[in-house]
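All values reported here derive from a predicted model rather than from experimental measurement.
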Amino acid sequence: MLDFFEFSNEMLAVTDDRGYAIRVNSAWTKTLGWSVEELLSRPYIELLHPDDAAAAMREAELLFSGTHETVSFENRWRAKDGSYRWLAWYAKLDPDSKQLVGAARDITEQKLKAAALQESEERFAAFMDHSSAIAWAKDEQGRLVYFNKAYESRFQMKREDWLGKTDFDLWPPEIAQQFRENDRKVLAGGVPISVTEESRRGGSALAYWMVAKFPYRDRHGNHYVGGIGVDITEIKQFEAQSTSQRQLLRDLIEVQEKEKQFLCHEFHDGLIQYAVGSLMLLETCKQLPLPAAGSAMIDEAIKNLRRGIEDGRRVIQGIRPALLDEGSLRDAVQELVHQFSTNGMKVECGCDPAIGQLPETIQTTAYRVVQEALNNARKHSGTDLVTVAVRRQGGDLRIEIRDFGRGFDVASARQRGFGLRGMSERAQLSGGECLIQSDPGAGTSIFVRLPIPPANEDE
């Protein structure tokens with residue numbers, strides 16, 4: 001008996017009715033750090049946590065009064081270093097000696113883990129219930145086992161009405177089938193997925209959700225699918241509206257270019273041709289014998305007609321050059337570069353011959369970007385040199401325009417004028433992008449990427 005008492009791994013103690021320990025084993029010293037002598041020299045109530053003392057006295061009273069034969073309870077004991085350890089007790093009264101005999105084991109680690117788990121669960125619950133995103137969990141059979149307050153509020157439902165139900169109990173068949181198929185992907189793959197899902201109940205409008213779904217298991221090994229969803233209905237509506245507006249803008253630009261093309265053809269084939277014909281008639285008349293005054297007037301008329309024809313052709317070239325419709329982008333850009341080079345600004349151009357003939361919309365967009373960039377450089381940069389490079393890279397058309405002038409602040413310039421925004425918008429409408437880099441005193445670089453439709457890759 002002595003050996004068992006002394007060498008037991010459990011903390012064994014015998015106390016009298018005054019609350020003093022008569023006997024304790026060495027497990028007490030190992031657990032709390034107090035020596036046996038220190039434990040025997042004071043009532044055990046002094047080592048209890050103040051919040052646990054009254055409950056311990058009540059448990060002892062139940063034994064001494066004969067109300068209970070045994071009791072079990074938990075309380076905290078102060079260790080010698082000042083910390084507290086949780087002990088789980090089993091105690092009974094020896095009817096012969098009227099002494100309490102108790103056995104205790106240290107459960108501090110279990111208590112700390114339980115407290116941490118509870119804190120984690122409370123934190124999770126607080127986060128979920130205050131989140132604006134909806135959250136839920138379903139078991140392998142697709143039954144709802146959890147959802148947060150945002151979910152409850154969004155779909156106007158009660159937990160007792162929804163928990164344990166499947167998607168097919170709660171949603172229209174086509175909606176439920178969509179949910180279930182995505183859940184099965186998560187369970188089968190064992191990895192999270194991100195999907196867009198639709199929802200509709202009764203006569204409500206269709207809603208769109210960006211949903212993250214993920215697998216998890218509980219401590220018993222059961223599999224579940226968790227989900228977090230954010231309402232993107234307004235974003236979807238904005239995207240649809242934006243797509244419609246962009247298509248409208250593309251159509252307007254195309255109509256505008258067609259109108260320019262029509263006007264240029266009409267000017268060239270009508271007005272310019274009539275002027276050229278009149279010029280030829282006057283030059284023929286000049287070969288006839290005429291009075292001196294008449295000859296001088298014909299000379300003046302010829303000179304005016306030549307100026308008018310030259311101005312008309314320049315205007316046509318500025319509106320929409322014939323090379324853009326009848327030739328290649330390379331020819332049109334080289335002609336454009338020539339025009340700017342003859343107006344006091346040197347433009348160096350490198351156009352890849354492999355560009356070839358491109359779809360009309362791509363050629364027009366590229367030409368207008370180069371044209372706008374050269375116009376801006378001539379008007380604002382103060383540079384005497386601009387470089388233009390146009391090349392085909394994979395499935396893209398790449399354009400680079402650089403000047404070495406005074407530069408500018410890009411953000412503020414975008415607010416002041418339409419030119420920079422116009423270039424960017426044209427590129428975006430063609431599915432590409434336009435990057436403008438500039439700083440005061442550092443010149444300007446414009447980089448444009450335009451995707452070429454695959455059908456034209458081998459042209």
Side-chain angles (χ1 to χ4, degrees), residues 196 208 210 232-261 318-321 324-325 328-330 332-333 336 351-352 355-377 379-381 386-403 407-439 443-457 459:
T196 299
Y208 296 90
M210 178 59 70
I232 59 169
T233 305
E234 291 186 1
I235 296 175
K236 279 283 188 181
Q237 293 171 344
F238 175 79
E239 286 178 349
Q241 182 180 11
S242 178
T243 299
S244 176
Q245 290 177 342
R246 284 183 175 275
Q247 184 58 51
L248 176 61
L249 185 54
R250 276 193 290 268
D251 293 342
L252 288 174
I253 290 176
E254 184 176 352
V255 169
Q256 185 185 59
E257 291 294 339
K258 291 294 183 184
E259 289 177 345
K260 289 179 179 180
Q261 186 182 50
I319 295 174
R320 186 176 176 89
L324 200 55
D325 300 316
S328 66
L329 174 64
R330 182 170 181 262
V333 169
L336 182 64
C351 285
D352 184 0
I355 293 172
Q357 189 73 23
L358 299 174
E360 182 180 349
T361 54
I362 298 296
Q363 291 209 154
T364 300
T365 298
Y367 181 87
R368 293 305 183 195
V369 167
V370 175
Q371 185 181 46
E372 182 64 33
L374 292 177
N375 268 323
N376 287 341
K379 292 178 182 178
H380 307 297
S381 72
V386 180
T387 62
V388 177
V390 184
R391 71 185 188 280
R392 190 166 185 159
Q393 182 176 320
D396 295 331
L397 183 69
R398 303 276 181 163
I399 304 169
E400 296 181 14
I401 305 107
R402 299 174 183 268
D403 72 53
F408 57 92
D409 180 74
V410 176
S412 60
R414 285 183 185 274
Q415 301 298 321
R416 293 196 304 269
F418 178 74
L420 298 182
R421 285 184 293 153
M423 284 191 289
S424 297
E425 191 63 31
R426 278 184 179 272
Q428 291 173 12
L429 288 173
S430 296
E433 55 191 348
C434 176
L435 174 64
I436 301 170
Q437 296 178 343
S438 186
D439 286 300
T444 302
S445 297
I446 300 172
F447 305 92
V448 180
R449 180 188 65 82
L450 301 174
I452 303 171
N456 298 280
E457 281 292 307
E459 292 184 2

Set of side-chain contact (heavy atoms from CB on, under 4.5 Å) partners for Thr387, sequence neighbours left out: Glu348, Arg402, Phe404
Using side-chain hydrogen bond (donor to acceptor under 3.5 Å, both in side chains) as the criterion, list what pairs up with Glu234, not counting sequence neighbours. none
Could you go through Leu374 and Val388, starting from their C-alpha distance and side-chain angles, then the distance that decides it, and tell me whether this counts as side chain to side chain contact (heavy atoms under 4.5 Å, CB included)? CA-CA 9 Å; Leu374 292 177; Val388 177; 4.1 Å; yes
If we only count heavy atoms from C-beta on, is the Leu329 to Cys351 side-chain gap below 4.5 Å? no
When rounded to the nearest 0.5 angstrom, what is the spacing between CD1 in Ile446 and CD1 in Ile399? 10.0 Å
Residue pair Gly407 / Thr444: nearest heavy atoms and the distance that separates them: CA-OG1, 4.0 Å
Gap between atom CD1 of Ile401 and atom CD of Glu372 - 0.5 Å precision: 10.5 Å
Give me the atom names and distance for the closest heavy-atom approach of Leu450 to Ala427. CD2-CA, 3.9 Å
Going from CG on Leu336 to CZ on Arg368, what distance comes out if it is rounded to the nearest 0.5 angstrom? 9.5 Å
Between Ser438 and Gly443 (side chain of the first, backbone of the second, donor and acceptor by atom type, cut-off under 3.5 Å), is there such a pair? yes
When you check the gap from the basic side-chain N to the acidic O, do Asp352 and Arg392 get nearer than 4.0 Å? no
Are side-chain heavy atoms of Val448 and Met423 found at a separation under 4.5 Å? no
Applying side-chain hydrogen bond (donor to acceptor under 3.5 Å, both in side chains), can you list everything that pairs with Thr196, at least two apart in sequence or on another chain? none
For the atom pair CZ (Phe447) and CZ (Arg398), what is the distance rounded to the nearest 0.5 Å? 11.0 Å
Partners of Ser381 by side-chain hydrogen bond (donor to acceptor under 3.5 Å, both in side chains), sequence neighbours excluded? none
Please identify each residue that fulfils salt bridge (charged side-chain N to carboxylate O under 4.0 Å, His left out) with Arg391, with sequence neighbours left out. Glu400
Considering non-hydrogen atoms only, spot the tightest contact between Ser430 and Thr365 and give its length. OG-OG1, 3.2 Å
Going by the rule side-chain hydrogen bond (donor to acceptor under 3.5 Å, both in side chains), which residues pair with Gln437 if we only count those two or more places apart in sequence or in a different chain? none
Residues at least two apart in sequence or cross-chain that pass side-chain contact (heavy atoms from CB on, under 4.5 Å) with Asp439, listed by chain then number, are Ala442
Point-to-point distance, once rounded to the nearest 0.5 Å, from CD1 of Ile362 to CD1 of Ile355: 12.5 Å
When rounded to the nearest 0.5 angstrom, what distance separates CE in Met210 from OG1 in Thr233? 11.5 Å
